[in-house]
Amino acid sequence: MDDDGRYRDGRSDFVRGAKDIAKVAKKQVGKKMGRGADKVADEYTKRSYKRFEEEDDDEDYGGTPSSNDAGYYRNDSRANDDEGHSDSTEGHDEDDEIYEGEYQGIPRADSGKAGGLDGAADAQAQQFRDLSAYEAERRKDQDELAQQYETILQECGHGKFQWTLYFVLGLALMADGVEIFVVGFVLPSAEKDMCLSEPNKGMLGLIVYLGMMVGAFVWGGLADRIGRRQTLLISLSINSVFAFFSSFVQGYVSFLFCRLASGVGIGGSIPIVFSYYSEFLAQEKRGEHLSWLCMFWMIGGIYASAMAWAIIPHYGWSFQMGSAYQFHSWRVFVLVCALPSVAAISALTTMPESPRFYLENGKHDEAWMILKQVHDTNMRAKGYPERVFSVTTIKTVKQMDDLVTLGDGAAWHQKWKIKLTTLFHQVWHNFQAVFSPEYRRTTYMMMAVWFSMSFSYYGLTVWFPDMIKYLQKQEYASRTKFFAKEKVEHVTFNFTLENQVHRQGEYFNDKFMNLKMRSMVFEDSLFEECYFEDITSSNTFFKNCTFIATLFYNTDLFKYRLVNSKLINSTFLHNKEGCLLSDVSDENNAYMVYFVSFLGTLAVLPGNIVSALLMDKIGRLRMLAGSSVISCVSCFFLSFGNSESAMIALLCLFGGISIASWNALDVLTVELYPSDKRTTAFGFLNALCKLAAVLGISIFTSFVGITKAVPILFASGALAAGSFLALKLPETRGQVLK
């Protein structure tokens, strides 16, 4: 065999031997040193290999190292470390053998070498120096990439590609808007279908926010590690699957779980969509077009309101199989609400990954191909197909090499365990970096602004409809008719009885047949030889009444409706079982809920347009602080909302003003953090937003019918604090995307 062949064989044998030693070292000290074991083993392998290269070059090439052998691991600043030595070459001394304590800086018991401890300390100091150098070089690469990337986007232009991506990502944002409204719209029907108590209804209303809170944090962190497009596809798929299942499940617990999982899936939409789209936008277009993208959240609310109005009240759109399985119109509505998410998945499969993500992860060729696609698509659409993409090389960010492998013989579950564990540590490390000294002040300020905005906005937007319902109940109660000491004999009631109170009445040989009782109360009354057949009731009670020789046949007048009443020789036959849908009396209220939600959502259109047109002209901070101050002032008008129409008008006013704050906050969050931490930070802040929403909803709704002062003070105080803190944040208008 010639010298070159012996060199290649020796080189490959050495590499295998070095990696084997590294694996042994990791096994020996991994449990005690954690991630430090990987660093020590990696460092050992690299230094050993460098020593091998230097010795071989000195022997075979006259001591002149090849320029191509500067480092075996590309982009590793530690490959040129001259202090390394090899303990794995053939013929080493026994005193230099590897043992467990060596990797922990502990001298061997049989060693009398005085420099053992000092050597370990020097190695640890060198490790920190290497890490600092790596971070400094990575930041330098990111700064250079940011400037070059902005220039490339300028060359690619803004055109057909960005508008196509706009509508694709808009569908994902629309799905998020729909998810917020689904449970609120189906609750009046679902509570009858599943016999929900008040605590169960409250939990069902909040579970979506809890799911979105978890989803925002998880998917935001993953999007910085495995890619924006791939993570968004996974999250939307989870949302679609469980939204579909929730349409068919019958029990409360299973429905609750499906809506929770659906919320977890859609939670990744907002942080990923804004980060994804921003990385295709040049600096002068970014604020405006991200604000236009926010309009799809409004479209989602309009879609949900329109579908609820068109589907839920049509109770004929249903079927059932016995008494165990029922599929009513509200379940059709839940199914239809999953369509935006399904459409987003289908459209997203045709779009590429963010090239900025690829460049941050050292994938130059993939990023170049996507940017060329953006350029060529826009140029062809503008009528310049002959223009050539002039960029040949793009800066990539320095990467940390990963030497952890299990080999081909390892079991699949071991490989997945290693991958998932590594991914978890990467995501967690990225999250911790958001609170590093460089970003700590910005993160705390953004947390305060996000929390104050969400607490007041979601608290008030749920408080408004509850106040409207309360005013409706008050108005309905004011029309109640009262009857006292009436005597009715031999009369057949076969018409609807509604909103009446009968006191000290006497009913003898009367028939109540095929009728509906709505908000009926009988107090201190006597029913003798009466006959109740096929009765459907809601909010109907008999208090302190006496029933003598009375027959109840096929009614829902269960004993819990007979409060402190006496039954003498009375019989119940074939009582209605199961949960009943809302009767016709609720249709008007249902239409009003849908109409109010429709108006409230549509009212944000002017705010969206204004924020989109002015975002790049007056800046993010002025937009955020100014809109928050005006929203704060508008809160004081709530004290004048003493009628249903006044509350609807105030709801529209507050929503139209506050939307500009949200748009500015979304743009600001995207631009304040670098690309490798953008979705992680956005996801965390959006998760905090959902937590604040849960607190705001719980607190504000508890004061419905009690006082308006507390919600007004809470909302105005939170908005005032948010606007003040917003002015302390750095302005990002006119800056390149980090």
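Values below: all heavy atoms of this structure, side chains included; hydrogens, waters and symmetry mates excluded. Throughout, residue positions are numbered sequentially from 1 according to the sequence presented.
No donor-acceptor contact under 3.5 angstrom links the side chains of Ser269 and Asp176, judged on distance only. Side-chain atoms of Glu179 and Asn239 form a donor-acceptor pair, as typed in the model, at a separation below 3.5 Å. Tyr507 and Glu489 form no side-chain donor-acceptor contact under 3.5 Å, judged by distance and modelled atom types alone. A side-chain donor-acceptor contact under 3.5 Å links Glu486 and His502.
Residues Phe512 and Thr555 are not in side-chain contact: their nearest non-hydrogen atoms beyond the backbone lie 4.5 Å or more apart. Contact check for Leu169 versus Leu232: side-chain heavy atoms found under the 4.5 Å cut-off. Between Phe700 and Phe714 the shortest side-chain heavy-atom distance falls below 4.5 Å. Counting heavy atoms from C-beta outward, Met212 and Ile266 have side chains that approach closer than 4.5 Å. No side-chain heavy atom of Trp662 sits less than 4.5 Å from a side-chain heavy atom of Leu624. Under the 4.5 Å side-chain criterion, counting only non-hydrogen atoms from C-beta, Ser246 is not in contact with Phe257. Side-chain atoms of Met298 and Leu605, non-hydrogen and from C-beta on, do get closer than 4.5 Å to each other. At least one side-chain heavy atom of Tyr458 sits under 4.5 Å from a side-chain heavy atom of Cys689.
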Assess the residue pair Phe547 and Lys566 against the criterion (side chain to side chain contact (heavy atoms under 4.5 Å, CB included)); give the C-alpha distance rounded to whole Å, side-chain angles, the decisive distance to 0.1 Å, and a yes or no. CA-CA 6 Å; Phe547 297 88; Lys566 296 180 181 180; over 6 Å; no
Going through the checks in order, is the side chain to side chain contact (heavy atoms under 4.5 Å, CB included) test met by Leu685 and Met447? CA-CA 6 Å; Leu685 293 172; Met447 287 173 62; 3.7 Å; yes
Just do the side chain to side chain contact (heavy atoms under 4.5 Å, CB included) check on Phe455 and Ile699 with the steps written out, would you? CA-CA 10 Å; Phe455 179 80; Ile699 293 174; 3.9 Å; yes
Applying side chain to side chain contact (heavy atoms under 4.5 Å, CB included) to Val488 and Phe493, what does each step give before you reach the verdict? CA-CA 11 Å; Val488 182; Phe493 295 89; 3.9 Å; yes
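Although no hydrogens or angles enter the test, the distance criterion places no donor-acceptor pair under 3.5 Å between the side chain of Arg503 and the main chain of Ser525. A donor-acceptor distance shorter than 3.5 angstrom exists from the side chain of Ser611 to the backbone of Asn608, with no hydrogens or angles considered. With hydrogens and angles disregarded, no donor-acceptor distance shorter than 3.5 Å links the side chain of Thr601 to the backbone of Ile302. Judged by distance alone, with hydrogens and angles left aside, the side-chain atoms of Ser254 form a donor-acceptor pair with the main-chain N or O of Gly251 at under 3.5 Å. Put simply, the side chain of Ser262 never gets that close to the backbone of Arg259: no donor and acceptor are under 3.5 Å apart. A donor-acceptor distance shorter than 3.5 angstrom exists from the side chain of Asp556 to the backbone of Ser537, with no hydrogens or angles considered. A donor-acceptor distance shorter than 3.5 angstrom exists from the side chain of Ser346 to the backbone of Val342, with no hydrogens or angles considered. Remark: side-chain polar atoms of Ser661 are paired, donor with acceptor, to backbone N or O of Ser628 under 3.5 angstrom. Between the side chain of Ser341 and the main chain of Leu236, a donor-acceptor pair closer than 3.5 Å is present. The main-chain N or O of Gly696 is never found under 3.5 Å from a side-chain atom of Ser698 such that the two would form a donor-acceptor pair.
For an aromatic pair to be called close, the ring centres must be under 6.0 Å apart, and Phe333 with Trp309 fails this. Ring to ring, Tyr553 and Phe572 are not that close: their centroids are 6.0 angstrom or more apart. Between Tyr531 and Phe552, the ring centre distance reaches or exceeds 6.0 Å. Ring pair Tyr303/Phe181: centre-to-centre distance not below 6.0 Å.
Considering Pro711, Cys635, Ser631 in turn, Cys635 is the only one that fulfils the side-chain contact (heavy atoms from CB on, under 4.5 Å) rule with Ser716. Remark: of the listed residues Val629, Ile630, Val449, Val629 is the sole one forming a side-chain contact (heavy atoms from CB on, under 4.5 Å) with Ser723. Exactly one residue among Met517, Lys511, Met513 makes a side-chain contact (heavy atoms from CB on, under 4.5 Å) with Phe532. That residue is Met517.
At most 12 heavy atoms of other shown residues, nucleotides or ligands fall within 6.0 angstrom of atom CE in Met203. Around CZ of Phe541, the count of heavy atoms belonging to other residues, nucleotides or ligands within 6.0 Å exceeds 12.
When all heavy atoms of Ile345 and Ser240 are compared, the closest pair comes out as CD1-OG, 3.5 Å. Between Val183 and Leu204, the closest heavy-atom pair is CG1-O, 3.4 Å. Across all their heavy atoms, His490 and Asp510 have their closest contact at N-OD1, 2.9 Å. Contact record, Asn663 with Cys294: OD1-SG, 3.0 Å, taken as the closest heavy-atom pair. Closest non-hydrogen pair, Cys545 versus Phe522, comes out as SG-O, 3.3 Å.
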